[in-house]
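Shown next, in C-alpha cells, is the structure this report addresses.
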Amino acid sequence: MDNSWATFGRDLHLDLSGPGGLRACLMRSLREAVRTGRLTPGTRLPSSRTLAADLGIARNTVADAYAELVAEGWLSARQGSGTRVARRAEPSRSAPPARRSARPPLPDRPRYDLRPGTPDVSGFPRAAWLAAARRALTTAPNDAFGYSPSLGRPELRTVLADYLARARGVRTDPEHVVVCTGFMQGLGLLARVLRDAGARGVGTEAYGLHFHRDVLTRAGLRPAPLPVDAHGADTGRLADLPGVRAALLTPAHQFPTGVPLHPDRRAAVIDWARAGGGLVLEDDYDGEFRYDRQPVGALQGLDPDRVAYLGTASKSLAPALRLAWMVLPDHLVDPVLALKSTGEWQTGALEQLTLAEFMASGAYDRHVRGMRLRYRRRRDQLVTALAEHAPHIRVSGIAAGLHVVLELPPGTEQSVVQAARWQGLALEGLSTFAHPGGPGGAGGAPARDGLVVTYGRPPDHAFAGVLEALLRVLPPAP
C-alpha cells in the first residue's frame, strides 16, 4: 500500500535554510529527502495548502516547487491522487551500500522527536511577527540602532511589566525588568551575583535540567537537591541545607514532573527567604500554558523583595529569538547590571522593539491563546490514545505545560528508551533529569522509572504518526 503523509504523519525535517529563496530551498530539501530514501517512491506528499501552513510560507511557493519537481521527474501528480514521489526516483548510487547487521543502524536523526524543551516551532506567527517588525522599524528612534542599554530597551521593559502583572501576577515596574539573551544568561548572572555576595549553595529541585545545575556549579555554587513529590519541591527542607542562601524553583509547573508547588510550600519558601535573607529564583518557563483552570500566578507576587522572577519567549514563541527577562528585587538591579555591562552579550535592540510591538498590539496574547488550544488538543489526543491502548500506563502532569510523565514499571525505563531509539523515536527517561546526588536528596523518595514525553514539539501533521510510534514501544500490561 502506498505510504501517505496523512496516514503515517511523517515529519520530513525539511530544511529551508541555505542560499536561494524559499522555493529553491524547499526544492533542494525535497530532492535530498528522495535521494537519501527518507521519501520512498510512491509516498504521498501533503497538499500544498497543508505543507504551506506547517512551514509558515505562501501556498504558491509550495505549489510552484511541486510543479517544478514534477517537471524534473522527482514527483508525479495525478488529479484525485495528489502529489507523490515518482516511482522512477531512486536514491543516489553514491550512497553507501547497506551493511548486514543483526540490528539496524541507529538513525542519525530521529524520525519522531518527543524530547521535552522545544515548542512546535511550525506555529511561529511569521506574518504577525513580520508586521510587528515593520511597525517597530518605522517608529524606532535613532538611538535604537546604537548599543542597547544593559537593562534592555525601555519600550520592551514597559510592555513586559504590564503583561507580567496582568497575565502572571508579577508586581514590578520597568526599572526592575532586565532583558536577557535567554534564560541561561539570566541564571548565570544571578548565580555570580549570589557568589560574590557570599552564597555557597543553592537549593534545587531533585528533578530538573542538568545544564541549570551546571550553570550554578560553574559560578562556584553547590546545587543541593530538594525532594520532589505530588506537592512539588519540599521547600520545608531548605532550612536544613547548610550554606544554602538561594533556591531555584519551578513553582507554576515543576519540571519535569508537572506538578504546581503546593500553597503551603509556597508560603514556606517565602518565610525561609524572609527569615534568613535568602533569595528564590523563580523559573516561569511555560506559565501561560495551563488547561484545567486559569494559570497559577507567579510566586514573585507574594514577595517581590525575596523572589527574582525569570521568564522567556522560548516556549511561547520560539527558542531562536533568544529573548528572556528577569524581574529583580531592588537590591539586585545594580549588581546584575554592573556584571552584565562588563562583557555579557547584549540582546539585539531590533528584536526587543519587535517583541514590544508584538505584545502591545495584542498579537502575543492572540498567539498564546491559539497555541494553548492547539497544545490542549494534542494533550487530549495523547491521553485518549494511552487510555485506549495502554491503560496500564499512568499519566501525570497533564494540567499544564507541553509535556506529560508516563510512569513505567520498575526497571523498564532504559529498555524502553533504547527500543524507541532503534525505531527512530527520540525519548528521554525521567532519570535523565534526576539530581546526581539522588532524586530525593537525603531521605527523599527513590528514583522512579518513567518517560518525559512532549506533545508540544511535533507539528500537527506528524502527531498521529508520533502517537503510533510511542504506543509501539511502551511495555505491555503485566
Side-chain angles (χ1 to χ4, degrees), residues 4-14 46-47 49-56 110-126 252-260 285-295 313-319 365-391 393-407 420 423-428 430 450-474:
S4 166
W5 180 297
T7 300
F8 292 95
R10 180 173 295 138
D11 186 353
L12 296 181
H13 305 292
L14 295 177
S47 68
R49 184 188 301 275
T50 299
L51 185 57
D54 285 338
L55 298 179
R111 178 178 298 178
Y112 304 115
D113 198 339
L114 286 177
R115 293 171 295 185
T118 302
D120 179 4
V121 293
S122 72
F124 184 77
R126 303 186 192 208
H253 187 230
Q254 202 283 324
F255 186 87
T257 65
V259 296
Y285 65 101
D286 66 357
E288 293 99 339
F289 297 117
R290 191 168 185 88
Y291 311 115
D292 61 345
R293 58 177 177 175
Q294 290 297 313
S314 66
K315 304 298 183 294
S316 58
L317 284 168
D365 290 87
R366 289 191 294 273
H367 172 71
V368 169
R369 285 196 300 269
M371 295 306 293
R372 188 186 295 127
L373 290 174
R374 176 183 294 191
Y375 292 141
R376 179 170 183 167
R377 284 194 296 268
R378 293 188 196 169
R379 182 206 65 170
D380 292 346
Q381 285 180 261
L382 172 59
V383 172
T384 299
L386 290 168
E388 292 178 354
H389 302 286
I393 301 294
R394 179 176 174 269
V395 188
S396 61
I398 66 173
L402 307 180
H403 70 272
V404 298
V405 176
L406 308 186
E407 304 287 346
Q423 295 197 30
L425 175 63
L427 291 172
E428 283 190 309
L430 186 59
L451 300 174
V452 183
V453 175
T454 183
Y455 47 86
R457 182 192 292 255
D460 282 339
H461 72 259
F463 199 63
V466 166
L467 289 182
E468 290 178 13
L470 174 64
L471 292 171
R472 284 197 298 268
V473 302
L474 293 177

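Please read all numbers here as calculations on a predicted model, not as lab measurements. Quick note: numbers below take in every heavy atom, side chains included, and nothing from hydrogens, waters or symmetry partners.
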task: Report yes if the distance between the aromatic ring centroids of H403 and F255 is under 6.0 Å, otherwise no.
output: yes
message: Checking side-chain contact (heavy atoms from CB on, under 4.5 Å) between V404 and each of V452, L382, T454, which is the one that passes?
response: L382
query: Could D120 and R457 be called an ion pair, given the rule that one side-chain N must be under 4.0 Å from one carboxylate O?
result: no
query: Is a side-chain donor or acceptor of R111 paired with a backbone partner of Q423 at a separation under 3.5 angstrom?
result: no
message: With a 4.5 Å cut-off on side-chain heavy atoms, are L406 and L386 touching?
response: yes
task: Determine yes or no for a side-chain-to-main-chain donor-acceptor pair under 3.5 angstrom, with R378 supplying the side chain and P458 the backbone.
output: yes
query: Do you know which two heavy atoms are closest between R379 and I398, and how far apart they sit?
result: NH1-O, 2.7 Å
field: P260 side chain reached by R290 side chain, heavy atoms, under 4.5 Å
entry: yes
- prompt: Is there side-chain contact between H367 and F124, with at least one heavy-atom pair below 4.5 Å?
  reply: no
task: Assess whether side-chain contact (heavy atoms from CB on, under 4.5 Å) is satisfied between L427 and L470, documenting all intermediate values.
output: CA-CA 9 Å; L427 291 172; L470 174 64; 4.2 Å; yes
- request: Decide side-chain contact (heavy atoms from CB on, under 4.5 Å) for Y455 and Q381; before the verdict, give the C-alpha distance in whole Å, the side-chain angles of both, and the deciding distance to 0.1 Å.
  value: CA-CA 9 Å; Y455 47 86; Q381 285 180 261; over 6 Å; no
query: Roughly how far, to the nearest 0.5 Å, is the CG atom of L430 from the OG1 atom of T257?
result: 8.0 Å
Contact summary for H253 and D286, nearest pair of heavy atoms: ND1-OD2, 3.2 Å
